[in-house]
Novice: 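To start, I am sharing the structure in question, which I have written as structure tokens.
Sequential numbering from 1 along the given sequence is applied to the chain's residues. Computed from heavy atoms alone, side chains included, the values below leave out hydrogens, waters and symmetry copies.
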Amino acid sequence: MIVNGIKMVTLLELIIFLFFIILIFLYMVAIRKSNLTYKRWPHHRVICWILGVLCVAISVIGPIAHMAHHHFVWHMIGHLLLGMLAPVLLVLSAPTTLLLRLLPVWQARRLTRVLRSKITRIYTNPLVATTLNIGGLWVLYTTDLYATMLENSILQILIHVHIFLAGYLFTVSLLYIDPVPYRVSYLYRTTVFVIALAAHEILSKYIYANPPAGVEESQAKIGGMLMYYGGDAIDLIIIVVLFYQWYKSTKPINGSTFSRLTS
């Protein structure tokens with residue numbers, strides 16, 4: 001049974017790996033079709049998509065994912081990849097813009113109606129997205145949910161999905177790379193972002209001093225530091241892009257690669 005169980009896990013991981021390869025392939029096919037009609041798709045967006053998909057893949061399959069189940073430090077590395085770095089990279093790859101280029105007019109209008117819906121407006125509000133993102137982490141690490149997750153594979157999958165989607169919504173709510181019908185001011189976004197930064201860093205310090213249920217103190221300390229410094233490094237990307245967009249909105253700059261990246 002153990003051998004068969006190992007084979008089943010290996011097969012499942014192979015299927016998941018192929019799924020991520022297909023995502024990269026479909027993006028490349030979409031780019032080729034888009035380039036036939038529209039301006040050439042920027043190379044940096046391709047790099048962001050590939051790296052973003054790889055970050056998600058690394059966090060859910062392979063050595064890091066296996067070690068994360070038994071070691072809190074590796075879990076935290078997976079969290080940084082899945083919930084922070086991957087969303088930033090994928091948002092910068094502008095997948096919605098690419099999709100709108102390819103869809104027939106009637107399908108593009110349907111997607112636009114979804115983007116303009118009240119539910120989308122609610123979830124892309126920076127305050128709501130921050131609550132789902134940072135609030136979810138507080139619930140995970142300050143209750144017994146983390147220990148329960150390790151014993152329930154379905155719950156673990158659901159939490160991983162939430163961490164990624166919440167991280168993606170959080171990034172989308174701050175950085176307007178793809179079309180965003182309901183835009184809020186830079187001041188509002190920046191204020192909420194500062195609150196999110198503070199809440200994330202307070203949580204990392206809390207983990208350092210109060211290990212989650214079932215986590216050794218030494219692992220909690222290293223994990224807390226990883227969350228603190230690693231989170232700051234990734235948040236720096238958002239800070240640079242957000243403030244450059246803000247600056248560009250008051251004083252347009254043309255011709256630079258960074259300008260194309262953040263537009």
Novice: From L98 CG over to Y38 OH, what is the distance, rounded to the nearest 0.5 angstrom?
Specialist: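 The distance works out to 10.5 Å.
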Novice: Apply the side-chain contact (heavy atoms from CB on, under 4.5 Å) test between I58 and each candidate in L82, I64, V53; give the one that qualifies.
Specialist: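 In the set L82, I64, V53, the residue that makes a side-chain contact (heavy atoms from CB on, under 4.5 Å) with I58 is I64.
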Novice: Do L85 and L80 come within less than 4.5 Å of each other through their side chains, counting heavy atoms only?
Specialist: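 Result no, sub-4.5 Å side-chain heavy-atom pair not found.
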Novice: Kindly indicate, with the supporting measurements, whether the criterion side-chain contact (heavy atoms from CB on, under 4.5 Å) is fulfilled by R45 and W49.
Specialist: CA-CA 6 Å; R45 297 209 189 282; W49 177 262; over 6 Å; no
Novice: Within 45° of the ring axis of Y27 and under 6.0 Å from its six-membered ring centre, is that where the NZ or CZ of R32 lies?
Specialist: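 Pair R32/Y27 does not count as cation-pi.
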Novice: I'd like to check F20 versus F17 (side-chain heavy atoms, cut-off strictly below 4.5 Å). Are they in contact?
Specialist: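 F20 vs F17: side chains apart.
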Novice: Say you draw a straight line from CG of D235 to CG of L242; how long is it, rounded to the nearest 0.5 Å?
Specialist: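 It comes to 11.0 Å.
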Novice: What's the spacing between I234 CD1 and L89 CG if we round to 0.5 Å?
Specialist: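 Going from the CD1 atom of I234 to the CG atom of L89 covers 8.5 Å.
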Novice: Report yes or no: do N133 and Y168 form a side-chain donor-acceptor pair below 3.5 Å?
Specialist: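 No pair is found: no donor N or O on one side chain lies under 3.5 Å from an acceptor on the other.
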Novice: Which atoms form the tightest heavy-atom contact between S117 and T120, and what is the distance?
Specialist: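 What the structure gives for the nearest pair is OG-OG1, 2.9 Å.
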Novice: Rounded to the nearest 0.5 Å, how far does OG of S59 lie from CG of L81?
Specialist: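 Between L81 CG and S59 OG, I get 6.0 Å after rounding to 0.5 Å.
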Novice: Check P181 against P179 and note the closest heavy-atom contact, atom names and distance.
Specialist: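 For P181 and P179, the tightest heavy-atom pair comes out as CD-O, 3.9 Å.
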Novice: Is Y141 close to M76 at the side-chain level, that is, under 4.5 Å between some pair of heavy atoms?
Specialist: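 Sidechains of Y141 and M76: in contact.
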Novice: Would you list the pairs meeting salt bridge (Lys or Arg N to Asp or Glu O under 4.0 Å) in which at least one residue belongs to residues 92-111, sequence neighbours left out?
Specialist: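 Listed once each, the pairs would be none.
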Novice: Please say yes or no: joined through hydrophobic side-chain contacts below 4.5 Å, possibly via intermediate residues, are V88 and V161 part of one cluster?
Specialist: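 As far as the 4.5 Å side-chain criterion goes, V161 and V88 are connected within one cluster.
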Novice: Quick one: does any side-chain atom of R189 pair with a main-chain N or O of L174 as donor and acceptor, under 3.5 Å?
Specialist: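 Yes, the answer is positive, given that a donor and an acceptor are paired below the 3.5 Å cut-off.
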Novice: Which residues pass the side chain to side chain contact (heavy atoms under 4.5 Å, CB included) test with P104, sequence neighbours left out?
Specialist: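 Per chain and number, P104 pairs via side chain to side chain contact (heavy atoms under 4.5 Å, CB included) with W106, Q107.
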Novice: Examine distances only and state if a side-chain atom of S173 and a backbone atom of N125 form a donor-acceptor pair shorter than 3.5 Å.
Specialist: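 Checked: no pair found.
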Novice: Can you check whether T37 reaches L102 side chain to side chain, under 4.5 Å on heavy atoms?
Specialist: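 Sidechains of L102 and T37: no contact.
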Novice: Any side-chain heavy atom of F170 sitting closer than 4.5 Å to one from P87?
Specialist: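 No, too far: nothing below the 4.5 Å cut-off.
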Novice: For atom CG of L236, decide whether the heavy atoms of other residues, nucleotides or ligands shown that lie under 6.0 angstrom number more than 12.
Specialist: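 Enclosed: over 12 neighbouring heavy atoms sit under 6.0 Å from CG of L236.
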Novice: Applying the 4.5 Å side-chain criterion to the ILVMFWY set and letting contacts propagate, would L165 and L155 be lumped into a single cluster?
Specialist: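 Result: yes, single cluster for both.
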Novice: Nearest 0.5 Å please: distance from the CD1 atom of I134 over to the CH2 atom of W138.
Specialist: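 I134 CD1 to W138 CH2: 10.5 Å, rounded to 0.5 Å.
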Novice: Residues two or more places apart in sequence or in another chain: which of them pass side chain to side chain donor-acceptor pair (under 3.5 Å) with T97?
Specialist: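 Partners of T97 under the side chain to side chain donor-acceptor pair (under 3.5 Å) test: D178.
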Novice: side-chain contact (heavy atoms from CB on, under 4.5 Å) between F19 and L23: does it pass, once the steps are laid out?
Specialist: CA-CA 6 Å; F19 170 74; L23 286 180; 3.6 Å; yes
Novice: Is it the case that the side chain of S93 and the backbone of L90 share a donor-acceptor pair, with hydrogens and angles ignored and the cut-off at 3.5 Å?
Specialist: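 Indeed, once roles are kept as given, a pair shorter than 3.5 Å links the two residues.
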Novice: Around atom CZ of R116, are there more than 12 heavy atoms from other residues, nucleotides or ligands closer than 6.0 Å?
Specialist: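 No - once you tally the heavy atoms of other residues, nucleotides and ligands closer than 6.0 Å, there are 12 at most.
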Novice: If you count the non-hydrogen atoms of other residues, nucleotides and ligands that lie under 6.0 Å from OH in Y188, is the total more than 12?
Specialist: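 Check passes, neighbour count above 12.
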Novice: Run the side-chain contact (heavy atoms from CB on, under 4.5 Å) check on H79 and L226 step by step: do they pass?
Specialist: CA-CA 10 Å; H79 156 68; L226 274 172; over 6 Å; no
Novice: With side-chain contact (heavy atoms from CB on, under 4.5 Å) as the test, would you mind laying out the steps for H69 and M149 before giving the verdict?
Specialist: CA-CA 9 Å; H69 193 73; M149 176 190 73; over 6 Å; no
Novice: For residues L150 and I163: do they belong to one hydrophobic cluster (side chain heavy atoms under 4.5 Å, members Ile, Leu, Val, Met, Phe, Trp, Tyr)?
Specialist: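 Cluster IDs for L150 and I163 match.
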Novice: Count I, L, V, M, F, W, Y as connected when their side-chain heavy atoms are under 4.5 Å apart, and connections chain through other members. Are I50 and I16 then in the same cluster?
Specialist: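 In one cluster: yes.
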Novice: Transitively linked via ILVMFWY side-chain contacts under 4.5 Å: V46 with V29?
Specialist: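 No; tracing contacts between hydrophobic side chains, which count when under 4.5 Å, never links both residues.
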Novice: Looking at M67, I want to see if its CE is surrounded by more than 12 non-hydrogen atoms of other residues, nucleotides or ligands under 6.0 Å.
Specialist: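 Atom CE in M67 is packed in, count exceeds 12.
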Novice: Drop me the distance from W74's CH2 to I222's CD1, to the nearest 0.5 angstrom.
Specialist: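 Atom-to-atom, W74:CH2 and I222:CD1 are 11.5 Å apart.
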Novice: Rest of the hydrophobic cluster containing V128 (Ile/Leu/Val/Met/Phe/Trp/Tyr, side-chain heavy atoms under 4.5 Å)?
Specialist: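 Under the 4.5 Å side-chain rule, V128 groups with I119, I122, Y123, L132, L169.
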Novice: Has Y182 got more than 12 heavy atoms of other residues, nucleotides or ligands less than 6.0 Å from its OH?
Specialist: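 Above 12, so yes.
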Novice: I'd like to check P126 versus V184 (side-chain heavy atoms, cut-off strictly below 4.5 Å). Are they in contact?
Specialist: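 Yes, close enough: below the 4.5 Å cut-off.
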Novice: Which pairs, with at least one residue in residues 142-166 and sequence neighbours excluded, count as a ring pair (Phe, Tyr, Trp, His ring centres under 6.0 Å)?
Specialist: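 For residues 142-166, and leaving out neighbouring residues, the ring pair (Phe, Tyr, Trp, His ring centres under 6.0 Å) pairs sorted by first residue read F72-Y146, H75-Y146.
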Novice: Can you give each donor-acceptor pair under 3.5 Å made by side-chain atoms of residues 193-218, sequence neighbours left out, with the distance rounded to 0.1 Å?
Specialist:
{"residue": "S204", "atom": "OG", "partner": "E201", "partner atom": "O", "Å": "2.6"}
{"residue": "N210", "atom": "ND2", "partner": "Y206", "partner atom": "O", "Å": "3.3"}

